[in-house]
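Numbers here simply count residues along the sequence, with the first being 1.
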Amino acid sequence: MIDLNTATPEQLDGLPQLKGHGFEIVRYREERGRFTALRQLDEVPGLAAKTHGLEHQLSLE
């Protein structure tokens, strides 16, 4: 399981649904603070409605 709040872009890119979006996710996290819910991934540019099924692969520590 990958922690969304500490993962590197490379770790996030390793998940098929997030491939190519790791940098944007980390940038979003750095600009707005830690994720408090997985649904916030939909706010990351380019990820709206593409994150279904990630709840078994990501955690929020």
Side-chain angles (χ1 to χ4, degrees):
M1 193 157 273
I2 297 173
D3 181 358
L4 188 55
N5 286 313
T6 60
T8 65
E10 294 79 16
Q11 289 173 312
L12 295 166
D13 283 339
L15 298 173
Q17 297 101 313
L18 302 181
K19 187 166 181 77
H21 296 285
F23 177 78
E24 285 295 324
I25 294 169
V26 171
R27 186 167 65 119
Y28 179 93
R29 181 178 73 206
E30 290 173 350
E31 290 176 357
R32 299 183 186 213
R34 297 173 62 85
F35 287 92
T36 57
L38 291 179
R39 70 178 185 273
Q40 287 176 286
L41 279 174
D42 288 336
E43 298 172 12
V44 176
L47 282 183
K50 294 182 182 177
T51 59
H52 180 70
L54 287 173
E55 59 274 358
H56 301 294
Q57 298 172 309
L58 294 172
S59 67
L60 298 169
E61 298 295 324

Open item on the list: One pair to check against salt bridge (Lys or Arg N to Asp or Glu O under 4.0 Å): Glu30 and Arg27. What are the steps and the verdict?
Closed with: CA-CA 5 Å; Glu30 290 173 350; Arg27 186 167 65 119; over 6 Å; no

Open item on the list: If you apply the rule side-chain contact (heavy atoms from CB on, under 4.5 Å), what do you find for Leu58 with Asp3, and how did you get there?
Closed with: CA-CA 6 Å; Leu58 294 172; Asp3 181 358; over 6 Å; no

Open item on the list: Determine whether Tyr28 and Leu41 satisfy the following criterion, side-chain contact (heavy atoms from CB on, under 4.5 Å), listing intermediate values before the conclusion.
Closed with: CA-CA 9 Å; Tyr28 179 93; Leu41 279 174; over 6 Å; no

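Listed for the Arg29 side chain is no donor-acceptor partner under 3.5 Å among the backbone atoms of Glu24. Within the 3.5 Å criterion, the main-chain N or O of Leu15 finds no donor-acceptor partner in the side chain of Lys19.
Rounding to the nearest 0.5 Å gives a distance of 12.5 Å between CG of Leu12 and CZ of Phe23. Taking CZ of Phe35 as the reference point, atom CD of Glu61 lies at 14.5 Å (rounded to 0.5 Å).
Between His52 and Gln17, the closest side-chain pair of non-hydrogen atoms is not below 4.5 Å. Side chains of Leu60 and Asn5 form a contact here, defined as non-hydrogen atoms less than 4.5 Å apart. Proximity of Ile25 to Leu47: side-chain heavy atoms (C-beta onward) are separated by under 4.5 Å at one or more points. The shortest distance between side-chain heavy atoms of Leu38 and Leu54 does not fall below 4.5 Å.
Of all the heavy atoms in Glu55 and Met1, the pair that sits closest is O-CE, 4.1 Å. Asp13 approaches Gly22 most closely through the heavy-atom pair OD1-N, 2.8 Å. The minimum heavy-atom distance between His21 and Gly46, with the atom names listed, is CE1-O, 3.6 Å.
In this structure Ala37 satisfies the side-chain contact (heavy atoms from CB on, under 4.5 Å) test together with Arg39, Gln40, sequence neighbours excluded.
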